[in-house]
Structures are given as structure tokens and as C-alpha cells.
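First comes the structure, then the notes that go with it.
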Amino acid sequence: LAKTTQPISMDSYEGQEVNITCSHNNIATNDYITWYQQFPSQGPRFIIQGYKTKVTNEVASLFIPADRKSSTLSLPRVSLSDTAVYYCLVGLFNKFYFGSGTKLNVKP
Amino acid sequence: KAGVTQTPRYLIKTRGQQVTLSCSPISGHRSVSWYQQTPGQGLQFLFEYFSETQRNKGNFPGRFSGRQFSNSRSEMNVSTLELGDSALYLCASSLSTGNDGYTFGSGTRLTVV
């Protein structure tokens, strides 16, 4: 099994940068690490995906160290609408494992 | 363009019955994966289909099965339903297999009574 660990919850204020880390000590060497956002009553929504080092898109950055045993999702200048649950997804032996999710609460 | 469509949105079944859930992927996406989401176990991988073939399978009993049609639409079947099968079942499509960046549907909420 690929064990993934995320903080259960995090609080932040509008305008701050938020970093959420997922530990995954046993994942496929050739598979992506992907992060998703989920709002209540909706399916998860793709945020960002990377294999190693740093990836940035219009909404987030993803930092992956060389050993790939963790990954950090960075959300710059969060707003109230970023209040959601964030999941990492990794693969191992052709099975895919979501983290338990981090509930981010953004306060005004 | 249309997203991933799952039907029905809600379903109530009795223990022992069977159920079939449907998923229409994004046009052009050939891979369809299914996940079960529960408060206790979180998001768990059920299986993945690509070009009508099951490519990968999670750790669920044989009561859970699926198939994919030539138009990439997929169905998931659960036989002999148990109370513990109550969950949100999510379908996700992607261009290729593996962890390739899914687009998820809104899910089917199954309640077993």
C-alpha cells in the first residue's frame, strides 16, 4: 500500500499563502503526484500535477523533493472561495491512493 | 464542452439487491476510473478501464465490477448490496491511463437500507 498522510485541517486568512504537505513514503518511481480540490456535494477538481522539482500553473505551485517522499501544494493569496478539502493522489503498482484530505478553512 | 456525467445522482437500494451506475466521460477521453468515497475510508480506488479493458483494480471484493463500452461510456455494478456499500461513487475520465489528471463527475450517492 502507498501510505499517504496529510494534516486533517488548516486555517488561514484571506490573502495569505497556504502550504499543504502530503507525505507518501512509498510510491511508484514513474508516476505523477496530483492534487485535487473538493467542495461539498461535488467531485474532486484537478489543481496541479508534477513528477519532480517544482511545477507552477495559474492557481498553484507544487514542490516535490528529489526523494519524492512528500509533496507540498502551495496556494498563493487564498480567498474565501478556496475553503475546501484538498487531496493528494499517488500511484503504486497500478493502484491509486488518495490522501485522507486536508480541510482548509479560509477566514476573512 | 460537456463534463463527466454520472447517472443517477441519488439512489436508494435494499440490502441484497444489485445496482448499476453509469458514467459518460468527456468526449475523447478513453480512460474511465471509479472511486468510492465514504467519511470513514475516504476516497478509494475501485478500478480503471481503458479501451474497453480493465487495466487496474483496487482492493474491493468481487461484488464490485464494471465494464466499458466502445464509446468509452462505463458502468459499475455492485451485487448483493451491504449497508457498508453506502457511499458516494465517483467516476473520473482522462485521456490516458494512470494518474494522468482526472476530470471527475459529481458522483452517484448510493444509500443501502
Side-chain angles (χ1 to χ4, degrees), chain A residues 1-9 20 22-24 26-52 55 57-60 62 64 68 71 73 84-103, chain B residues 2-10 21 23-26 29 31-50 53-60 64 76 87-111:
Chain A
L1 284 179
K3 182 172 171 56
T4 54
T5 304
Q6 297 180 235
I8 294 173
S9 64
I20 305 174
C22 176
S23 298
H24 30 75
N26 184 25
I27 65 171
T29 56
N30 60 347
D31 207 354
Y32 287 110
I33 298 164
T34 313
W35 282 79
Y36 292 85
Q37 175 193 55
Q38 188 176 29
F39 296 110
S41 302
Q42 294 185 23
R45 186 172 71 108
F46 176 90
I47 301 173
I48 196 167
Q49 180 178 68
Y51 178 70
K52 59 181 177 181
V55 178
N57 63 19
E58 63 276 10
V59 299
L62 179 59
I64 303 170
R68 288 172 38 93
S71 59
L73 172 71
V85 181
Y86 293 81
Y87 295 93
C88 59
L89 174 65
V90 299
L92 180 65
F93 302 135
N94 293 324
K95 293 186 186 355
F96 305 102
Y97 300 90
F98 273 96
S100 51
T102 298
K103 182 168 173 49
Chain B
V4 177
T5 303
Q6 291 189 246
T7 56
R9 284 298 309 274
Y10 302 94
L21 312 181
C23 172
S24 294
I26 287 176
H29 283 192
S31 174
V32 173
S33 298
W34 289 87
Y35 284 83
Q36 181 197 66
Q37 186 172 29
T38 60
Q41 299 297 318
L43 284 151
Q44 294 187 282
F45 173 66
L46 280 156
F47 27 65
E48 175 189 28
Y49 286 86
F50 183 83
T53 302
Q54 187 179 88
R55 297 295 296 266
N56 301 302
K57 189 176 190 307
N59 301 319
F60 278 80
F64 292 81
M76 191 193 101
L88 180 66
Y89 289 89
L90 291 158
C91 167
S93 75
S94 59
L95 284 169
S96 62
T97 62
N99 184 5
D100 190 38
Y102 297 127
T103 301
F104 279 88
S106 296
T108 294
R109 171 74 62 186
L110 172 65
T111 302

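Chain letters run A, B, ... following the sequence lines, proteins first, then strands; residues in each count from 1.
- Under the 3.5 Å distance criterion, with hydrogens and angles disregarded, no donor-acceptor pair is assigned to the side chains of Tyr102(B) and Tyr36(A).
- The number of heavy-atom neighbours closer than 6.0 Å to CZ of Phe98(A), taken from other residues, nucleotides and ligands shown, is above 12.
- By the ring pair (Phe, Tyr, Trp, His ring centres under 6.0 Å) test, Phe93(A) pairs with no residue at all, sequence neighbours left out.
- Remark: side-chain polar atoms of Lys57(B) are not paired, donor with acceptor, to backbone N or O of Leu46(B) under 3.5 angstrom.
- Residue contact with chain A, scored on non-hydrogen atoms closer than 4.5 Å, involves the backbone and the side chain of Leu43(B) alike.
- Of the atoms belonging to Gln44(B), not a single heavy atom falls under 4.5 Å from chain A.
- Side chain to side chain, Tyr32(A) and Gln49(A) fail the donor-acceptor criterion of an N or O pair below 3.5 Å.
- Heavy-atom distances place both the backbone and the side chain of Thr34(A) under 4.5 Å from chain B.
- Only the side chain of Glu48(B) comes within contact range of chain A, judged by heavy atoms closer than 4.5 Å.
- Using a 4.5 Å cut-off between heavy atoms, Arg109(B) does not touch chain A at all.
- A donor-acceptor pair under 3.5 Å links the side-chain atoms of His24(A) to the main chain of Arg68(A), judged by distance alone.
- Interface residue Asp31(A): only side-chain heavy atoms are found under 4.5 Å from chain B.
- In this structure, chain A has no heavy atom under 4.5 Å from any part of Phe47(B).
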